[in-house]
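Heads up, the thing below is written out as structure tokens.
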Amino acid sequence: MASACGGSMHVSFQIATDLTQAVTAAAAQAGLDAAGFSPEIRTADPRHGDFQANGVLGYAKARKLNPRAVAESLVAALPVDVKARCDISIAGPGFINFRLKPEVLLQWLTRYGTVDALRSGASSLHHGQRYVVDFSSPNTAKQLHVGHVRGMVIGEAICRMLAFCGATVIRDNHIGDWGTQFGKLIWGYKHLRNDAALTADPLEELERVYKAADAATKNDPAVLDAVRAELVKLQAGDTENLDLWKRINAVSSGAFTEIYQKLDIHFDHQLGESFYNDRLGVVYEELSRLGLAEESEGALVVFHPEHPRFKTQPFIIRKSDGAANYASTDLATMLYRAEHFQADAIVILTDARQSDHFEQLWLTTQKWFARTQRRLPRFEHVSFGSILGEDGKAIKTRSGDPIRLKALLAEAEERALALVNEKSPELPEAERREIAAAVGIGAVRYADLSQNRSSDYVFAWDKILSLEGNTAPYLLYAMARIHSIFRKHGIDVATAGQGQGATAPETETELALARKLVGFASALELTTQQLRPHFLCTYLYELAGAYSAFYNADKVLVEDPAIRARRLLLCSRTLLVLESGLSLLGLRTLQRM
RNA sequence: GGACCCGUAGCUCAGCUGGAUAGAGCACUUGGCUUCGAACCAAGGGGUCGGGGGUUCGAGUCCCUCCGGGUCUACCA
């Protein structure tokens, strides 16, 4: 750790990385078999240290050596600067514990004192990587409902975090704009629309038209034929239908944009399924020619003989009537993202029910690219569970319809406003409304992010808007309390953040808080590596907890200038990390609430 | 039938490539505001980690098996 615990001029952002290097070098120095040794540096239980190296246990076991003896020789071989900057101990069966000395904590806090400094430090984590992230991806002409929110919120957070950590992120909203629903929509638009309703709430009316048309096809075979004819006309390039298709998409897009703006969600591209319409031929042709795809029951399909399931369950890449489906367009999309965007990694967010599809897509893509000598990007299907009602079943309105996202967000703000009115009636109304928006929307968002995405979660207003526990309001409140200290005493956050005259942390709660702040690097690494935002949420919650304990135990504005300066530094830095972290999650933060 | 996900405190959930005495919040008990925002903090009780085998220095984590819940399983996405 020549850099982190080395000279006083430089402290690494991610100290664990430097420790890994230092321990690896020490292992070679101590005569260990370098190829068979991995330091296994982890963040440690605070009772033991800041980091721990577990690598000697496995190493010693495999070679029937005494692990403590190995650990001792390894520690002896560590560079002097590491020993100078960390308290090192060997414990139990051979754990090596590292505890950063308070001066090192102070150095880290001093160095990473602005968002730019944090970003610059974090950029080493994914530097130079090009990610295409596909999220939201709703179907045209349907309302966004609760089922869509999780993918939107998690997707936005993942994009922000990857970009913060140095990646080039290309955000693509892969809209479902070319499906079979357009036959019904166009027919319905021509025969059933209500122009007044269409003006008042276009998407609502389109959805009504769609449902009515759908019902009509079930009652009247003639309508079904007419609907199919509309679809055929559209796909054949009929001017009138193409024009209608464009108008329907425009209406839909406008409604989506409204919600995207409310949630502060952004895209670089909106390449829907229709975009790939004239890029499907190469998929059919190549997969057939390579022998990957075969005809089965009239459809063009891909089997994967090595797979227990997909050896018999086909990946249907062209329907028996010759039409494309989403396997067709997704394959074309993989190719486009690899070639046009030069993606190093493709990340697609959908709910977990589509796991089979993406597993088949990926199996197929790997073989296809291998046989055509194409460079293969990494692929991540970031799947997530459903949002359940308090009865444990899929969340629905009383009438059984999905809950509109628009209505959900409005209710969130309403409920938050009631809380703010109760807690802070002295604030001006305009500010109370702003706070309510940040708290309400933030609470919904945070609920989606804070739980491990692979499980379903139960949506309960009382829980997500609670001021206690791992919630948005708690974190926002922690920030408001810190701001209050500075505001009340006329101290500038940035000035205090320079830490002029600050001494190294001393009290137990100061030390715990400082260590937690340094842990931001590990939290970011873990979160972006696994693409699971709840790790960052857990970290921020623990940080806020460490701050509260510190705040409760150590008065900030004491007489002693050195103590005062270091405590103000800790406050300023906590604010910075909470602000940065919550922004990465997509939450708006507040100065008062 | 098969595949995947899940099962951790009364409830809602964490637990990072296997690591040290399994952790939070809610609820419950107790203590702390004339003192920087108590929407807070501190302390306490509460566990066969679904059951049973196995792998090893070490298993909530990996393997097998069984039980329970969810999802998917040929032309919707």
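The sequence lines fix the lettering, A, B, ..., with proteins before strands; numbering per chain opens at 1.
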Q: Using a heavy-atom cut-off of under 4.0 Å over every strand shown, decide if Ile316(A) touches base, sugar-phosphate, or nothing.
A: base
Q | Selection from G15(B), A39(B), A20(B) that lies nearest to any side-chain heavy atom of Lys423(A) | A | A39(B)
Q: Pick base, sugar-phosphate or nothing for Phe486(A), based on heavy-atom distances below 4.0 Å to the nucleic acid.
A: nothing
Q) Does NZ or CZ of Arg150(A) come closer than 6.0 Å to the centre of the six-membered ring of Phe384(A), within 45° of the ring's axis? A) no
(Q) Taking 4.0 Å as the cut-off, does a side-chain nitrogen or oxygen of Lys311(A) come that near to OP1 or OP2 on A3(B)? (A) no
Q: Report yes if a side-chain nitrogen or oxygen of Arg481(A) is closer than 4.0 Å to either non-bridging phosphate oxygen (OP1 or OP2) of A38(B); otherwise report no.
A: yes
Q) From A39(B), G37(B), C75(B), pick the nucleotide closest to the side chain of Ser320(A)? A) C75(B)
Q: Would you mind classifying the nucleic acid contact of Glu40(A) as base, sugar-phosphate or nothing, using non-hydrogen atoms under 4.0 angstrom?
A: nothing
**Q.** Atom C1', compared across A9(B) and A74(B): separation rounded to whole Å
**A.** 46 Å
Q: Give Asp330(A) one of three labels, base, sugar-phosphate or nothing, depending on what nucleic acid heavy atoms sit under 4.0 Å from its own.
A: nothing
Q. With both distances under 3.5 Å as the test, what is the Watson-Crick or G-U wobble partner of G18(B)?
A. none
Q) Does G1(B) pair with anything, Watson-Crick or G-U wobble, both distances under 3.5 Å, and if so, with which nucleotide? A) U73(B)
Q: Give the rounded distance in Å between these two atoms: NE2 of His489(A) and P of G37(B).
A: 7 Å
Q.
For His357(A) and Tyr326(A), I'd like to know if the aromatic rings sit close, meaning centre-to-centre distance below 6.0 Å.
A. yes
Q: For C4(B) versus A27(B), give the span between their P atoms, rounded off to a whole number of Å.
A: 40 Å
Q) With both distances under 3.5 angstrom, what nucleotide forms a Watson-Crick or G-U wobble pair with A24(B)? A) U12(B)
Q: Rounded to whole angstrom, note down the C1' distance from C16(B) over to U35(B).
A: 42 Å
Q. Looking for any heavy atom pair under 4.0 Å, which part of the strands does Gly58(A) touch: base, sugar-phosphate only, or nothing?
A. base
Q | C75(B) and U17(B), which share atom name P, separated by this distance in whole Å | A | 39 Å
Q. Given the P atoms of G10(B) and C5(B), what is the spacing between them in whole Å?
A. 27 Å
Q. Should G7(B) form a Watson-Crick or G-U wobble pair with both distances under 3.5 Å, which nucleotide is its partner?
A. C67(B)
(Q) By the 4.0 Å heavy-atom rule, please label Tyr474(A) as base, sugar-phosphate, or nothing. (A) sugar-phosphate
Q. Which value, in whole Å, describes the distance between the C1' atoms of nucleotides A14(B) and G37(B)?
A. 29 Å
Q.
Is it the case that over 12 heavy atoms from other parts of the model lie below 6.0 angstrom from the CD atom of Glu426(A)?
A. yes
Q) Could a donor-acceptor pair under 3.5 angstrom be found where the side chain of Asn97(A) meets the base of A20(B)? A) yes
Q: Report yes if at least one side-chain N or O of Tyr551(A) is closer than 4.0 Å to OP1 or OP2 of A38(B); otherwise report no.
A: yes
Q: State whether Tyr326(A) places a side-chain N or O below 4.0 Å from either non-bridging phosphate oxygen (OP1 or OP2) of A77(B).
A: no
Q.
OP1 or OP2 of C13(B) versus the side-chain N and O atoms of His534(A): is any pair under 4.0 Å?
A. no
Q. Across the strands shown, which category fits Ser137(A) at heavy-atom distances under 4.0 angstrom: base, sugar-phosphate, nothing?
A. nothing
Q: Would you tell me if any nitrogen or oxygen in the side chain of Gln451(A) comes within less than 4.0 Å of OP1 or OP2 on C13(B)?
A: yes
Q: Remember a base hit wins even if backbone is also touched, and classify Asn452(A) as base, sugar-phosphate or nothing at under 4.0 Å, heavy atoms.
A: sugar-phosphate
Q: With heavy atoms under 4.0 Å as the rule, sort Leu57(A) into base, sugar-phosphate or nothing.
A: base
Q: Just compare C41(B), A77(B), U73(B) and give me whichever is closest to any side-chain atom of Glu273(A).
A: A77(B)
Q: Test for a donor-acceptor pair under 3.5 Å between the base of A74(B) and the side chain of Glu297(A), counting only N and O atoms.
A: yes
Q.
Taking ring-ring contact (aromatic ring centres under 6.0 Å, His included) as the criterion, tell me which of Phe135(A), Phe275(A), Tyr276(A) meets it with His174(A).
A. Tyr276(A)
Q. 5'-most contact on RNA chain B: Asp356(A) or Gly545(A), nearest heavy atom basis?
A. Gly545(A)
**Q.** Residue pair Gly385(A) / Asp456(A): nearest heavy atoms and the distance that separates them
**A.** CA-OD1, 3.2 Å
(Q) If the threshold is 4.0 Å, N to carboxylate O, is there a salt bridge linking Arg592(A) and Glu434(A)? (A) no
Q.
For the P atoms, the ones on U71(B) and on C66(B), what distance do you get once it is rounded to whole angstrom?
A. 22 Å
Q. When the distance from CG of Leu475(A) to P of C40(B) is rounded to whole Å, what number comes out?
A. 12 Å
Q: Select base, sugar-phosphate, or nothing to describe what Asp554(A) touches, counting heavy atoms under 4.0 Å on all strands.
A: base
Q: Kindly indicate whether the side chain of Arg353(A) and the base of U73(B) share any N or O donor-acceptor pair separated by less than 3.5 Å?
A: no
Q) How about Phe37(A) and Tyr59(A): are their ring centres within less than 6.0 Å of each other? A) yes
(Q) Quiz question: going by heavy-atom distance under 3.5 Å, is there a donor-acceptor pair between the base of A24(B) and the side chain of Thr538(A)? (A) no
Q | Check: Ser355(A) side chain, C4(B) base, donor-acceptor under 3.5 Å | A | no
Q) For the side chain of Ile485(A), counting heavy atoms from C-beta on, which of A74(B), G37(B), U73(B) is nearest? A) G37(B)
Q: For residues Tyr474(A) and Tyr541(A), establish whether the separation of their ring centroids is below 6.0 Å.
A: yes
Q.
Just to be sure I understand the rule, does Ser424(A) reach a base, reach only the sugar-phosphate, or reach nothing, if contact means heavy atoms closer than 4.0 Å?
A. base
Q. Hey, does Thr312(A) reach any base, or is it just sugar-phosphate, or nothing, if we go heavy atoms under 4.0 Å?
A. nothing
Q.
I want to verify a distance call: between G37(B), A3(B), A20(B), whose nearest atom is closest to the Ala91(A) side chain?
A. A20(B)
Q.
Check this one for me: any side-chain N or O of Lys463(A) less than 4.0 Å away from OP1 or OP2 of G25(B)?
A. no
**Q.** Mate of A42(B) where both pairing distances stay under 3.5 Å, Watson-Crick or G-U
**A.** U30(B)
Q: Using the closest heavy atom to pick a nucleotide of RNA chain B for each, name whichever of Ser484(A) or Ala544(A) lands nearer the 5' end.
A: Ser484(A)
Q) How far, in whole Å, is U56(B) from G68(B) if one measures between their P atoms? A) 32 Å
(Q) Under 4.0 Å between a side-chain nitrogen and a carboxylate oxygen: does that hold for Lys218(A) and Asp214(A)? (A) yes
Q.
Does A14(B) have its OP1 or OP2 closer than 4.0 Å to a side-chain nitrogen or oxygen of Ser455(A)?
A. yes
Q) Base, sugar-phosphate, or nothing: which does His307(A) touch, judged by heavy atoms less than 4.0 Å apart? A) nothing
Q: Tell me what Val556(A) touches on the nucleic acid: a base, only sugar-phosphate, or nothing, going by heavy atoms under 4.0 Å.
A: base
Q: Output yes when at least one side-chain N/O atom of Arg47(A) is less than 4.0 Å from OP1 or OP2 of G23(B), else no.
A: yes
Q) Which of the following nucleotides, C16(B), A3(B), A27(B), is nearest to the side chain of Glu468(A)? A) A27(B)
Q. For His48(A) and A20(B), are the ring centres under 5.5 Å apart with planes inclined under 30°?
A. yes
Q.
In terms of relative ring orientation, are Phe310(A) and His307(A) parallel, tilted or perpendicular, with 30° and 60° separating the classes?
A. parallel
Q. Ring-on-base stacking between Phe95(A) and G19(B), under 5.5 Å between centres and under 30° between planes: is it there?
A. no
